[in-house]
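One-based numbering along the sequence shown.
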Amino acid sequence: MDLGGERSRRVVVIGGGVSGSLIAKSLQFHSDLTLIDQKEYFEIPWASLRAMVEPSFGERSVINHRDYLTNGRVVTSGAIDITETEVLTAEGRLIVYDYLVIATGHTESLPKTRTERLNQYQAESEKISLARSILIIGGGPTGVELAGEIAVDFPDKNLTLVHNGSRLLEFIGPKASDKTLNWLTSKKVEVKLEQSIGLDDISDGGKTYITSGGETVTADCHFLCTGKPVGSMWLRGTLLKNNLDNQGRLMVDENLRVKGHQNIFAIGDITDIPEIKQGYLAQKHALVAAKNLKLLMEGEKESKLVMYQPRSVKAIVSLGRRDAVAQLPFTTVIGSVPGMIKSRDLFVGKTRKKLGLEPHTIYD
């Protein structure tokens, strides 16, 4: 990694999710780059629900960091502290940086290796196949997309979705919620709104669930699809503790730098940017921050830095293999037209291409 002896190009990226993987790939030939991630792979998160019903789908959507990061270091560990010049990993390793990118997204418990993750999909697929009745807890995009995948691939399953909100998909508009509810109902999914299920409220060896409304749901297995906390807990004891808002998100400026820190960037779901948290927006963050880092490393003036413009609400939630509900700036549509955009391949080929990989190649 020859950078002409320049020592001001040491870039450390913390987090190997949607935005972290893309910025690492984008900067690997422009910097002395280190990616710190708790796992050895990048997982395309919106493809994970398809992989639960079709495990072989995970062969393309779970990608070892080493496959796209050919000119950087990968440190498989969590970060536990940062100073003005160094990152401390959970294993006690100090990694020096000139520029830092924080992309730790949401907290999620995932296995360390790609093989373990693919085995997890296999186990979840078997669980779904063997069950006659399935309970999904949570009616956000994850719960709705999982319900769609199961309802389409296993139409004979008794499927119940319990959501504590007054409507599904509360992050987008009520028209999209209504259309989604009608679609799920047409697929014989029983949807219970304004109710919750605590996992303490399970009896009969884990087959009987009691909702907050006192209703009983019988299911052979359940999937918890409620929101995940922002991945910023580790920052609360660091020099960035005062840069977190009341939701635990890092406050950034228009150039995607953490406010008050010239050489620390934050991208993806951990930022306080006023827009819904979606993968395609996290990718846009990565590309803007990568451009700005290249400019800074080349010694350009601050005035040359690119500004990130928050995007208006646009969302596509897949409903099985052919359909989707799409909220666009001026309309909401459901069915096979938005499904053609997302549901067939779930943008997996497109995401692989962004990382410089063959869109359709899988491992032998």
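- Looking at N243, V252, L100 one by one, the single match for side chain to side chain contact (heavy atoms under 4.5 Å, CB included) with H261 turns out to be N243.
- Side-chain atoms of V11 and D32, non-hydrogen and from C-beta on, never get closer than 4.5 Å to each other.
- Figure legend: K127 and F223 shown as a cation-pi pair, the cationic atom lying under 6.0 angstrom from the six-membered ring centre and within 45 degrees of its axis.
- A salt bridge links E59 with R114: the distance from a Lys NZ or Arg NE/NH1/NH2 to an Asp or Glu carboxylate oxygen falls below 4.0 Å.
- The pair E215-K192 meets the salt-bridge criterion, since a charged nitrogen lies less than 4.0 angstrom from a carboxylate oxygen.
- Of the possible polar contacts, none joining the S19 side chain to the A286 backbone as a donor-acceptor pair under 3.5 Å is found.
- Between R311 and E275 there is no salt bridge, since none of the side-chain N atoms of the basic residue sits less than 4.0 Å from a carboxylate O of the acidic one.
- At a cut-off of 3.5 Å, with distance as the only test, a side-chain donor of Y209 or H222 sits close to an acceptor on the other residue.
- Under a 4.0 Å N-O distance rule, the pair R60/E358 does not qualify as a salt bridge.
- Residues I134 and D220 fail the side-chain proximity criterion, which asks for heavy atoms closer than 4.5 Å.
- With salt bridges taken as basic N to acidic carboxylate O contacts below 4.0 Å, one links R257 and E302.
- Comment: R9 does not engage D98 in a salt bridge, judged by the lack of any side-chain N to carboxylate O separation of less than 4.0 angstrom.
- Salt-bridge formation is detected for the pair E54/R321: a Lys NZ or Arg NE/NH1/NH2 atom is positioned less than 4.0 Å from an Asp or Glu carboxylate oxygen.
- Test H285, K228, H106 against D269 for side chain to side chain donor-acceptor pair (under 3.5 Å) and you get one pass: H106.
- Under the 4.5 Å side-chain heavy-atom criterion for Ile, Leu, Val, Met, Phe, Trp and Tyr, V144 and V53 are members of the same hydrophobic cluster.
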